[in-house]
Amino acid sequence: MADRFRLNYLKSTGLKGSGFDESFSSRFGGKTASPTPTPPEHNLPETFSSEAILRQAKADLKHPDPKVRILAIRYYSEKSYPSIPVALLQEILSDRDPEVRVEALHFLIKCGSPLISPLFKKHLRDSDPRIRMAALRGMFQYQEKMDLNILLQFLSDESAWVRRKVATLLGWTQIEGALPILMELSRDQDAVVRRAALFSLTILYPDESESRLMEAMADLDPGLRKWAKMTLEKIATRPLKKRGASIRNRV
């Protein structure tokens with residue numbers, strides 16, 4: 001009965017033909033049901049109450065197959081059912097599968113509530129770098145005042161992509177005291193991190209970045225050397241453009 005409910009209610013919401021539908025049909029029905037007209041988007045059948053949806057959500061999020069749990073998170077988050085509480089997604093943040101934890105974090109970031117910001121801090125030391133990056137993104141998005149001591153721990157993170165994420169996120173925001181962190185990251189052992197840090201420096205601290213760009217013109221990475229040279233050339237021509245614009249305005 002529960003399996004038939006799952007199939008019927010997933011099909012009723014227009015999910016027919018998606019990976020989610022195929023997963024559940026193969027797992028619980030063997031064959032995909034014949035095509036049925038897609039009902040209006042705004043409704044689930046009235047027989048499926050919010051309590052029934054919540055019960056099914058709990059069952060799907062505890063399913064033994066992690067792929068089903070991931071698809072369940074995506075489905076419920078995209079539909080934004082008011083009957084699916086954020087607390088239910090918080091529980092799955094301790095899931096044993098990192099893919100599921102990443103999906104849950106991405107959903108919480110989309111929620112838009114500042115009340116969930118403490119959850120991100122708990123996952124900054126997760127063993128999976130994708131989760132650390134997602135947690136960092138959530139903190140930058142919802143934290144009114146970022147603790148720079150938290151960011152300092154990522155200067156030695158084993159993943160270059162996590163260090164790059166820190167450099168990039170700092171460039172998107174204006175956090176007081178970020179200059180020393182970006183300067184340190186601009187000398188990172190990985191060229192991808194160095195470039196991200198230099199880019200953020202040119203945005204937030206244009207004057208301080210010029211000396212580092214000069215140094216980067218002798219960088220071991222040819223791509224970074226070329227980028228640094230092009231960036232310095234743009235900086236050199238910028239005042240001339242501004243003067244030209246000023247003259248035109250006066251005329």
Side-chain angles (χ1 to χ4, degrees), residues 18-20 22-23 57-58 60-80 84-143 146-173 175 178 181-182 184-200 221 223-224:
S18 69
F20 196 99
E22 292 169 5
S23 170
K58 288 180 177 179
D60 291 340
L61 293 173
K62 293 179 180 179
H63 194 277
D65 188 339
K67 292 180 181 178
V68 174
R69 300 198 297 275
I70 290 169
L71 290 169
I73 294 170
R74 291 176 184 172
Y75 179 73
Y76 295 120
S77 64
E78 287 171 5
K79 294 297 181 180
S80 300
I84 308 299
V86 172
L88 189 57
L89 272 297
Q90 294 178 22
E91 292 180 18
I92 208 166
L93 285 175
S94 59
D95 194 277
R96 61 187 177 276
D97 191 286
E99 295 276 359
V100 178
R101 299 199 299 275
V102 169
E103 201 66 43
L105 276 173
H106 286 165
F107 169 75
L108 289 172
I109 290 172
K110 287 167 58 178
C111 285
S113 171
L115 299 176
I116 63 176
S117 61
L119 294 172
F120 300 121
K121 188 174 181 179
K122 294 172 61 176
H123 294 274
L124 291 175
R125 295 185 180 276
D126 194 281
S127 59
D128 193 290
R130 295 167 300 173
I131 296 171
R132 298 199 295 276
M133 286 191 289
L136 276 167
R137 181 186 161 201
M139 286 195 66
F140 269 84
Q141 188 164 331
Y142 295 109
Q143 196 92 355
M146 180 66 68
D147 185 355
L148 293 179
N149 291 322
I150 292 176
L151 299 181
L152 288 172
Q153 75 186 46
F154 290 103
L155 294 178
S156 57
D157 193 279
E158 62 182 15
S159 170
W161 292 105
V162 172
R163 302 196 301 274
R164 176 182 179 271
K165 191 71 170 180
V166 174
T168 302
L169 288 170
L170 283 172
W172 291 352
T173 55
I175 298 176
I181 296 176
L182 285 172
E184 184 71 22
L185 289 170
S186 71
R187 295 183 174 89
D188 191 90
Q189 60 185 353
D190 192 285
V192 172
V193 181
R194 295 198 296 274
R195 178 167 175 169
L198 282 168
F199 184 81
S200 293
D221 183 80
L224 183 51

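Being a predicted model, the structure only gives us computed values, none of them experimental.
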message: Restricting to non-hydrogen atoms, name the atom on Ala178 and the atom on Leu148 that form the minimum distance, rounded to 0.1 Å.
response: N-CD1, 4.5 Å

Side-chain touch Gln153/Leu124, heavy atoms, less than 4.5 angstrom: yes

message: Quick one, Leu151 and Leu169 - any side-chain contact, counting heavy atoms below 4.5 Å?
response: no

query: CG/Asp65 to CG/Asp60 distance, rounded to the nearest 0.5 angstrom?
result: 11.5 Å

task: Check Ala197 against Ser186 and note the closest heavy-atom contact, atom names and distance.
output: CB-N, 3.4 Å

query: Roughly how far, to the nearest 0.5 Å, is CZ of Arg96 from CD1 of Ile92?
result: 9.5 Å

message: A quick test of your reading: do over 12 heavy atoms of other residues, nucleotides or ligands sit less than 6.0 Å from CZ of Arg187?
response: yes

query: Only one of Leu108, Ile73, Leu71 forms a side chain to side chain contact (heavy atoms under 4.5 Å, CB included) with Glu103, so which one is it?
result: Ile73

message: Check this for me, if you would: do Asp97 and Arg69 make a salt bridge, where the nitrogen-to-carboxylate-oxygen distance has to be below 4.0 angstrom?
response: no

- request: Would you check if the side chain of Ser159 reaches a backbone N or O of Trp161 as a donor-acceptor pair within less than 3.5 Å?
  value: yes

- prompt: Counting heavy atoms not belonging to Arg130, are there more than 12 under 6.0 Å from its CZ?
  reply: yes

Closest heavy-atom pair and its distance - Gly138, Phe120: C-CD1, 3.6 Å

Test item: Arg195 and Asp221 side chains (from C-beta on) under 4.5 Å apart, heavy atoms: no

message: As an exercise, state the distance from CG of Leu93 to CZ of Phe107, rounded to the nearest 0.5 Å.
response: 10.5 Å

Which atom of Ile109 lies closest to which atom of Ala134, heavy atoms considered: CD1-O, 3.4 Å

query: Is there a side-chain contact between Leu136 and Phe154, using heavy atoms and a 4.5 Å cut-off?
result: yes

task: Please round to the nearest 0.5 Å and tell me the distance separating atom CD1 of Ile181 and atom CG of Leu152.
output: 4.5 Å

- request: Using atom types as modelled and distance alone, determine if a side-chain donor or acceptor of Arg101 lies under 3.5 Å from a backbone N or O of Ser94.
  value: no

field: Passing option when Asp157 is tested against Arg125, Arg132, Lys165, Arg163 for salt bridge (charged side-chain N to carboxylate O under 4.0 Å, His left out)
entry: Arg132

task: Might you point out which heavy atoms bring Val193 and Arg164 nearest each other, and give the distance in Å?
output: CG2-N, 3.9 Å

- line: In terms of heavy-atom contacts, Leu182 and Ala167 come closest through CD2-O, 3.9 Å

